[in-house]
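Taking it in order: structure first as structure tokens, then the write-up.
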Amino acid sequence: MQHAGKPTGNGHNLESPINPLYQRACFITAAVKVDRMPPDQGREVAFAGRSNAGKSSAINTICHRRRLARTSKTPGRTQQVVFFVLDETRRLVDLPGYGYAKVSEAVKLQWQRLMVSYLQQRRSLAGLVVVMDIRHPLTAFDRQMLEWGRRAELELLLLLTKSDKLKRGAARAERERVAKAVTADGRRIRVELFSAQTRLGTEPVHGVLDRWLGVGG
Ligand code: GDP
């Protein structure tokens with residue numbers, strides 16, 4: 001078992017075993033249409049997030065890789081759904097970032113259509129991770145993503161990333177506040193603190209991904 005990260009002075013527990021499956025992730029394709037995506041077989045988990053929330057960094061951290069998903073992309077590159085294979089039957093999916101104020105209405109509409117058709121039609125989609133900057137959670141875009149996820153009856157996980165930017169107590173309080181805010185119909189959505197910098201949260205996230213992807217059992 002490999003351990004990544006070291007404890008730091010801020011009190012977070014940073015020991016996180018990494019399943020080698022995630023480290024083997026490799027890019028297979030990027031698609032702008034559902035019918036151009038890899039065959040809808042096996043299981044996949046998708047990551048969504050407002051642009052600059054830290055989604056690419058989260059994917060890289062989860063896979064213990066430095067440059068698997070591109071960080072700090074330019075807006076022009078945000079329309080593709082990017083697929084990474086873990087093994088023959090499992091994939092991680094990087095959904096196009098959203099929330100750029102500067103994109104045109106036509107581009108926004110195109111993005112919406114792609115998201116809705118992907119989330120509703122993709123049978124192999126086992127769960128949706130919504131990545132939010134802990135300092136600006138639950139934007140209109142995040143709420144929209146969660147609503148589409150709910151409508152598609154997907155398993156959901158909220159990651160409050162860049163948690164290293166807040167003190168531990170403040171981060172925990174924010175997690176509670178967000179968890180309460182997203183509870184609907186008595187259904188609690190799991191919310192985890194995450195940091196690509198300290199690797200906080202990788203262990204619980206792997207637990208959820210393992211379950212969704214049917215890893216190890
Ligand atoms: P994306 O657009 O959602 O894919 O966001 P990126 O992963 O490219 O991250 C946007 C910016 O936030 C980059 O400058 C990252 O270095 C920074 N960032 C991402 N995650 C973290 C984190 O956990 N902690 C800190 N301090 N910075 C982060």
Side-chain angles (χ1 to χ4, degrees), residues 4-16 18 22 25 27 30-32 45-84 91-103 107-108 111 114-115 118-119 128-146 148-149 156-175 178 191-206 208-209:
K6 292 188 183 82
T8 63
N10 65 2
H12 294 317
N13 176 12
L14 306 172
E15 288 297 316
S16 50
I18 304 281
Y22 297 97
F27 170 84
V32 292
V45 170
F47 289 75
R50 195 172 185 278
S51 301
N52 215 41
K55 174 168 56 78
S56 309
S57 304
I59 293 172
N60 290 338
T61 304
I62 287 162
C63 294
H64 203 204
R65 297 271 293 279
R66 287 175 68 188
R67 276 188 289 270
L68 181 66
R70 285 164 208 245
T71 53
S72 303
K73 300 162 294 274
T74 53
R77 296 194 55 88
T78 59
Q79 293 297 305
Q80 296 175 325
V81 178
V82 180
F83 290 83
F84 303 102
R91 294 172 298 276
L92 297 182
V93 182
D94 186 1
L95 295 175
Y98 51 95
Y100 273 105
K102 285 181 191 147
V103 303
V107 169
K108 276 185 197 158
W111 172 81
L114 178 63
M115 285 302 98
Y118 171 75
L119 295 174
L128 175 67
V129 182
V130 178
V131 178
M132 310 189 295
D133 185 325
I134 194 165
R135 299 164 303 171
H136 322 283
L138 296 176
T139 63
F141 297 97
D142 300 321
R143 290 176 187 276
Q144 176 72 89
M145 240 19 250
L146 289 174
W148 285 336
L156 296 167
L157 170 66
L158 279 185
L159 282 194
L160 295 177
T161 195
K162 309 194 193 182
S163 288
D164 56 278
K165 299 271 191 189
L166 299 188
K167 290 210 169 91
R168 192 159 58 139
R172 281 185 181 165
E174 191 58 7
R175 174 183 166 180
V178 168
V191 182
E192 293 291 345
L193 298 177
F194 194 86
S195 166
Q197 202 169 80
T198 68
R199 309 186 63 83
L200 173 76
T202 43
E203 204 167 338
V205 171
H206 277 132
V208 172
L209 296 189

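The first residue in the sequence is number 1, and the count goes up from there. Read the numbers this way: they start at 1 and go in the same order the structure lists the ligands and their atoms.
Every heavy atom of G49 sits 4.0 Å or more from the atoms of ligand 1.
A ring pair (Phe, Tyr, Trp, His ring centres under 6.0 Å) with W148 is found for one member of Y118, F141, W111 and no other, namely W111.
Distances from atom 3 (O) of ligand 1 to the heavy atoms of Q197, K165, K55 show the closest one on K55.
Checked against salt bridge (charged side-chain N to carboxylate O under 4.0 Å, His left out), R172 has no partners two or more places apart in sequence or in another chain.
Between D94 and K55 there is a salt bridge, since a side-chain N of the basic residue sits under 4.0 Å from a carboxylate O of the acidic one.
With ring centers used as reference points, H206 lies under 6.0 Å from Y22.
Considering backbone and side-chain atoms alike, S163 places every N or O at 3.5 Å or more from each N or O of ligand 1. Taking any N or O of A196, backbone or side chain, at least one lies under 3.5 Å from an N or O belonging to ligand 1. When only interatomic distances are considered, the shortest N/O to N/O separation between S56 and ligand 1 falls below 3.5 Å.
In this structure a side-chain-to-backbone donor-acceptor pair under 3.5 Å is missing from R135 to K165. Under a 3.5 Å cut-off, the side chain of D164 and the backbone N or O of S195 do not form any donor-acceptor pair. Side-chain atoms of R50 never come within 3.5 Å of backbone atoms of D142 as a donor-acceptor pair (strictly under, hydrogens ignored).
Those atoms of ligand 1 that come under 4.0 Å of a heavy atom in G54, given as number and element, are 1 (P), 3 (O), 5 (O), 6 (P), 7 (O), 9 (O), 19 (C). Taking a cut-off of under 4.0 Å to the non-hydrogen atoms of T161, the atoms of ligand 1 that pass are 23 (O). Near D164, meaning under 4.0 Å from any of its heavy atoms, are these atoms of ligand 1: 22 (C), 23 (O), 24 (N), 25 (C), 26 (N).
If you look at N52 next to ligand 1, the close heavy atoms, those under 4.0 Å, come from the backbone and the side chain alike. With a heavy-atom cut-off of 4.0 Å, R50 touches ligand 1 through its backbone alone.
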